[in-house]
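Scroll down for the structure; my scribbles are underneath it.
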Amino acid sequence: MPIYEFRCRSCRAGFEAIRPMGDDGASLTCPECGEPAPEKLLSVFAAATSSASASSGSSCAPSGCGGGSGFG
């Protein structure tokens, strides 16, 4: 199950909860104040890529995996 981020509509506290996909969090309560039905936030995941590997589809470093690319 994915982890979703929520924010209390009353006290504005933020928290995370493991919920089934597509669950809107209506059955949750705020862990700080107990207010029901927090707001589900849009989450963005982090992915570290370099422009060279992203454009070539390769997971190798820009040096070409030691193939004599002229670095060093």
Side-chain angles (χ1 to χ4, degrees):
M1 278 194 259
I3 298 173
Y4 290 102
E5 294 178 46
F6 295 91
R7 181 173 46 218
C8 179
R9 297 174 194 273
S10 179
C11 73
R12 309 303 288 171
F15 62 97
E16 296 177 340
I18 298 173
R19 307 299 300 167
M21 289 188 72
D23 188 333
D24 64 0
S27 64
L28 294 174
T29 58
C30 174
E32 296 293 321
C33 71
E35 183 76 18
E39 174 185 17
K40 185 177 177 182
L41 302 177
L42 179 61
S43 299
V44 180
F45 67 93
T49 62
S50 70
S51 59
S53 64
S55 63
S56 68
S58 171
S59 62
C60 295
S63 64
C65 297
S69 63
F71 288 104

key: Heavy-atom pair of closest approach, residues D23 and K40   = O-NZ, 3.1 Å
query = For L28 and P38, which heavy atoms make the closest approach, and how far apart are they?
reply = O-CD, 3.5 Å
task = State which residues pass ring pair (Phe, Tyr, Trp, His ring centres under 6.0 Å) with F6; sequence neighbours excluded, sorted by chain then number.
result = F15
message = Could you see if M1 belongs to whatever hydrophobic cluster contains I3? Use Ile, Leu, Val, Met, Phe, Trp, Tyr and a side-chain cutoff under 4.5 Å.
response = yes
message = Has R7 got a side-chain atom pairing as donor or acceptor with L41's backbone, closer than 3.5 angstrom?
response = no
request  = Please report the C-alpha distance between E32 and S10 in whole Å, then the side-chain angles of each, then the deciding distance to 0.1 Å, and finally whether the side chain to side chain contact (heavy atoms under 4.5 Å, CB included) criterion is met.
outcome  = CA-CA 10 Å; E32 296 293 321; S10 179; over 6 Å; no
task = Measure the spacing between CD of E35 and SG of C8 and express it to the nearest 0.5 Å.
result = 5.5 Å
